[in-house]
Amino acid sequence: QVQLVESGGGLVQAGGSLTLNCAASGRSISGYRMGWFRQAPGKEREFVATISWSDSSRYYADSVKGRFTISRDNAKNTVSLQLDSLKPEDTAVYYCAAAGGIFGAFDLKSISFWGQGTQVTVSS
């Protein structure tokens, strides 16, 4: 079992920045693909970003590409998401997620462990 705890959410004005952190416990995340999803009110949970187990590959949703940056520190068992140039449409609950295995898809069906989520609110 892997327990994931997010932190760093909050209220920020459009154009501002936030850093979300995900601390893992119970097991090393070095064998997991890690990433972030988000869910806005009334909408389905959607993919935001993922990073490979070795940090050799990173993928982003088109809506956040160039504005968000995902990173991981396997030694510290943490994953981070830097959110820059925030827009009101980025408002959502952001979830840290872990998918087992070195290769594979990073979609809702692939996720083995979820965090409880952290709220990000961007005001216009």
Side-chain angles (χ1 to χ4, degrees):
Q1 289 287 331
V2 177
Q3 291 78 44
L4 303 173
V5 178
E6 303 95 335
S7 61
L11 173 64
V12 63
Q13 288 188 331
S17 298
L18 282 173
T19 302
L20 305 184
N21 296 299
C22 174
S25 61
R27 188 180 293 182
S28 171
I29 63 170
S30 60
Y32 291 86
R33 290 165 289 125
M34 301 297 297
W36 295 85
F37 287 77
R38 68 185 181 185
Q39 188 167 17
K43 295 188 177 181
E44 294 185 352
R45 193 170 296 190
E46 64 176 7
F47 165 77
V48 175
T50 184
I51 186 168
S52 64
W53 69 276
S54 62
D55 196 8
S56 60
S57 301
R58 304 176 184 186
Y59 299 97
Y60 299 91
D62 288 344
S63 58
V64 308
K65 202 172 295 183
R67 300 188 298 119
F68 290 8
T69 304
I70 189 171
S71 61
R72 68 188 294 163
D73 187 331
N74 287 343
K76 295 182 178 180
N77 235 24
T78 59
V79 180
S80 296
L81 186 68
Q82 176 67 35
L83 290 65
D84 295 318
S85 302
L86 282 161
K87 304 175 181 179
E89 50 264 43
D90 294 319
T91 295
V93 177
Y94 284 71
Y95 296 91
C96 181
I102 297 175
F103 301 106
F106 198 83
D107 54 21
L108 292 175
K109 294 181 293 183
S110 305
I111 302 305
S112 301
F113 304 103
W114 292 98
Q116 84 289 350
T118 185
Q119 177 70 47
V120 171
T121 303
V122 184
S123 63
S124 57

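Reckoned from all heavy atoms, side chains included, excluding hydrogens, waters and symmetry mates.
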Which atoms form the tightest heavy-atom contact between [X] and [Y], and what is the distance?
{"X": "P88", "Y": "A14", "answer": "CD-CB, 4.1 Å"}
{"X": "Y95", "Y": "G115", "answer": "CD2-O, 3.6 Å"}
{"X": "L20", "Y": "G9", "answer": "CD2-N, 3.6 Å"}
{"X": "S17", "Y": "D84", "answer": "OG-OD1, 2.8 Å"}
{"X": "D90", "Y": "S85", "answer": "OD2-O, 4.4 Å"}
{"X": "S57", "Y": "Y59", "answer": "CB-CE1, 3.8 Å"}

### Query
Who passes salt bridge (Lys or Arg N to Asp or Glu O under 4.0 Å) against E46, sequence neighbours left out?
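E46 satisfies salt bridge (Lys or Arg N to Asp or Glu O under 4.0 Å) with R38 once adjacent residues are dropped.
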
### Query
Any side-chain heavy atom of R67 sitting closer than 4.5 Å to one from L83?
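A side-chain contact under 4.5 Å is absent here.
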
Hey, what do you get for [atom1] ([X]) to [atom2] ([Y]), rounding to the nearest 0.5 Å?
{"X": "S124", "Y": "K87", "atom1": "OG", "atom2": "NZ", "value": "14.0 Å"}
{"X": "T91", "Y": "Q119", "atom1": "OG1", "atom2": "CD", "value": "7.0 Å"}
{"X": "T78", "Y": "I29", "atom1": "OG1", "atom2": "CD1", "value": "6.0 Å"}

### Query
Should the heavy atoms of other residues, nucleotides or ligands under 6.0 Å from CH2 of W114 be counted, would the total exceed 12?
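Yes, because the 6.0 Å sphere around CH2 of W114 holds more than 12 heavy atoms from other groups.
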
### Message
Hydrogens and angles aside, do Q82 and T19 bring a side-chain donor and acceptor to less than 3.5 Å of each other?
### Response
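Side-chain D/A pair, Q82 to T19: present.
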
Between [X] (side chain) and [Y] (backbone), is there a donor-acceptor pair under 3.5 Å?
{"X": "T118", "Y": "Y94", "answer": "no"}
{"X": "R33", "Y": "G104", "answer": "yes"}
{"X": "Y60", "Y": "I70", "answer": "yes"}
{"X": "T50", "Y": "M34", "answer": "yes"}
{"X": "E6", "Y": "C96", "answer": "yes"}
{"X": "N74", "Y": "S54", "answer": "no"}
{"X": "R72", "Y": "S52", "answer": "yes"}
{"X": "N77", "Y": "A23", "answer": "no"}

#### Entry: Intermediate values then yes/no, side-chain contact (heavy atoms from CB on, under 4.5 Å), L86 and F68
CA-CA 9 Å; L86 282 161; F68 290 8; 3.9 Å; yes

With clusters defined by side-chain heavy atoms of hydrophobic residues (ILVMFWY) lying less than 4.5 Å apart, directly or transitively, does [Y] cluster with [X]?
{"X": "V12", "Y": "L81", "answer": "yes"}
{"X": "F47", "Y": "L4", "answer": "no"}
{"X": "W36", "Y": "I111", "answer": "no"}

### Message
I want to know whether F106 and F37 have ring centres closer than 6.0 Å.
### Response
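Centroid separation for F106 and F37: below 6.0 Å.
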
### Message
As a quick check of understanding, evaluate salt bridge (charged side-chain N to carboxylate O under 4.0 Å, His left out) for K65 and D62, giving each step before the final call.
### Response
CA-CA 5 Å; K65 202 172 295 183; D62 288 344; 3.1 Å; yes

